[in-house]
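Computed from a predicted model, the values in this text were never measured in an experiment.
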Amino acid sequence: MREDLRRWFATGSYHGSRYAPEELAAQKDGQKVSVVLPAKNEAATVGQIVSALRSELVEAVPLLDEIIVIDSNSTDATSAVAAAAGAKVARQEHILPELGNVPGKGEALWKSLTVATGDIVVFIDADLHEFDPQFAVGMLGPLLTEPRVHFVKSCYDRPLNNGVTVMPAGGGRVTELVARPLLNLFWPELAGIVQPLAGEYAARRSLLERIPFVSGYGVEIGMLIDVLEAVGLEGMAQVDLGVRCHRNATDADLSKMAMQVQLTVQSRLFRSGLVAAAPASAPLTQFLRDGDRFIEETCEVEISERPPMIDIPDYRLTAGKAS
């Protein structure tokens with residue numbers, strides 16, 4: 001790693017355990033904090049996460065001002081469970097309905113900016129097991145104590161259960177095989193980011209409303225690149241949250257995620273003039289074993305992109321006033 005990146009890694013990396021919620025609550029200085037959980041069919045876990053956040057960081061300590069669940073077209077009881085646990089729930093398709101409803105996590109995050117009222121927004125995935133509210137505390141730490149920091153990315157161990165044993169440092173397969181090599185090659189300034197595809201991060205609204213959001217699994221890497229361009233590496237930080245346990249995806253699903261990551265990277269390279277084209281979709285052929293033969297399955301993997309929220313007239317008239 002370059003020497004300048006080593007210096008950033010030393011000064012821009014924090015551990016979540018160093019922050020106490022009581023101390024951070026005293027440093028809010030009038031700022032409001034929103035936690036947003038994008039959720040699709042997460043009834044089994046979303047209630048526990050919301051309950052933990054509410055009891056420890058709203059009721060016991062006034063660190064969080066609101067907990068919001070954006071239900072991304074769930075077919076289970078996600079909305080009901082989240083509401084019963086104390087979250088404000090909004091259905092993704094009901095937010096800015098005149099602009100349509102694009103499938104994918106990025107759409108939920110983008111639309112959440114019209115629902116959340118916080119000056120700081122914390123994003124947490126809704127499929128986490130053994131959730132610790134210190135996740136939110138850790139990500140808020142640098143934002144509430146370091147004025148230069150505008151964006152905080154989480155990092156952690158991701159145990160991968162392969163059916164035989166649990167490998168503590170595994171689980172980041174798309175990161176290690178796709179995202180990290182691409183970032184090191186084209187955006188070496190981001191080589192010090194431990195978990196570039198981490199689903200937990202926090203930022204100031206004033207930054208989030210001025211960057212585009214990729215609709216699918218490209219949202220994390222797209223956001224990372226766009227944030228780097230917007231505030232530079234010195235405006236970014238990462239926080240070690242320890243261990244993150246969630247539902248591991250199949251290799252077939254990870255292949256689709258990897259394709260979306262690569263399409264997103266290509267879109268950023270195109271924008272920078274480094275490649276001549278940036279397809280919004282591409283066919284992905286995979287194979288399934290059927291007895292003594294393989295069966296081909298081909299699907300179209302695509303990404304789309306929402307513009308910066310500050311460019312949406314309805315946002316500027318309503319939620320944008322909170323920025």
d(R54 CZ, E66 CD) to nearest 0.5 Å is 10.0 Å
Are V102 and M223 co-members of a hydrophobic cluster defined by side-chain heavy atoms under 4.5 Å apart?
no
Hits for side-chain hydrogen bond (donor to acceptor under 3.5 Å, both in side chains) against Y19, two or more places apart or cross-chain, chain-then-number order -> none
Approximate separation, where rounding is to 0.5 Å, of H150 NE2 and M236 CE
11.5 Å
Which atoms form the tightest heavy-atom contact between P62 and A25, and what is the distance?
O-CB, 3.9 Å
Decide whether Q238 and S13 meet the rule of one side-chain donor and one side-chain acceptor closer than 3.5 Å.
yes
Atom CG of L99 and atom CD of E107: how far apart are they, to the nearest 0.5 Å?
8.5 Å
Just checking, any donor-acceptor pair under 3.5 angstrom between side chains of Q92 and K40?
no
What residues form a side chain to side chain contact (heavy atoms under 4.5 Å, CB included) with L288, not counting sequence neighbours?
E297
Are the side chains of S17 and Q134 in touch, meaning some heavy atoms are under 4.5 Å apart?
no
What's the spacing between W187 CH2 and I225 CD1 if we round to 0.5 Å?
3.5 Å
Is any side-chain N of the basic residue among D65 and K28 closer than 4.0 Å to the acidic one's carboxylate O?
yes
Are the side chains of F9 and M1 in touch, meaning some heavy atoms are under 4.5 Å apart?
yes
Nearest-0.5 Å distance that lies between atom OG in S267 and atom CD in Q262:
12.0 Å
Closest heavy-atom contact between D119 and G30?
OD2-O, 4.2 Å
Side chain to side chain contact (heavy atoms under 4.5 Å, CB included) involving V149 - partner list, sequence neighbours excluded
P142, L143, E146, V152, A237
Give, for atom CG of L224 and atom CG of L183, the distance between the pair rounded to the nearest 0.5 Å.
6.5 Å
So, do P196 and I221 sit near enough that their side-chain heavy atoms are less than 4.5 Å apart?
no
For E302 and S304, does a side-chain donor sit closer than 3.5 Å to a side-chain acceptor?
no
For the residue pair S154 and V239, establish whether any side-chain heavy-atom pair is separated by less than 4.5 Å.
no
Quick one: are E93 and I95 in side-chain contact, heavy atoms under 4.5 Å?
no
Looking at side-chain heavy atoms only, is the closest gap between Q286 and E296 below 4.5 Å?
no
Side chain to side chain contact (heavy atoms under 4.5 Å, CB included), that's the test. Do V33 and V121 meet it? Break it down for me.
CA-CA 6 Å; V33 177; V121 182; over 6 Å; no
Quick one: closest heavy-atom pair of Y156 and E200, and the distance?
OH-OE1, 3.2 Å
Connecting only ILVMFWY residues whose side-chain heavy atoms lie within less than 4.5 Å of each other, what is the rest of I303's hydrophobic cluster?
V214, M259, L263, L284, V301
Using a 4.5 Å cut-off between side-chain heavy atoms of Ile, Leu, Val, Met, Phe, Trp and Tyr, which other residues end up in the same hydrophobic cluster as F287?
F294
NZ/NE/NH1/NH2 to OD/OE distance under 4.0 Å, K105 and D125:
yes
Run the salt-bridge test on R293 and D290 with the 4.0 Å N-O cut-off and return the result as yes or no.
yes
Are D71 and R91 ion-paired here, with the side-chain N under 4.0 Å from a carboxylate O?
yes
I need the single residue from T75, D127, T78 that forms a side chain to side chain donor-acceptor pair (under 3.5 Å) with N41. Which is it?
T75
In this structure, which one of L63, D132, V122, L64 forms a side-chain contact (heavy atoms from CB on, under 4.5 Å) with V137?
L63
Do P308 and P212 have side chains that approach each other closer than 4.5 Å (heavy atoms only, starting at C-beta)?
yes
For I295, the other hydrophobic cluster members (4.5 Å side-chain criterion, sorted by chain and number) are none
Is the backbone N or O of A126 less than 3.5 Å from a side-chain atom of T45, with the two atoms forming a donor-acceptor pair by type?
yes
Answer whether the closest heavy-atom distance between the side chains of M309 and W110 falls below 4.5 Å.
yes
Looking at R268 and D226, is there a salt bridge between them, counting it only when a charged N and a carboxylate O are closer than 4.0 Å?
yes
Please check if atom OH in Y217 has more than 12 non-hydrogen atoms from other residues, nucleotides or ligands closer than 6.0 Å.
no
Are E209 and R316 ion-paired here, with the side-chain N under 4.0 Å from a carboxylate O?
no
Heavy-atom closest contact (W8 atom, L233 atom, distance):
NE1-O, 3.1 Å
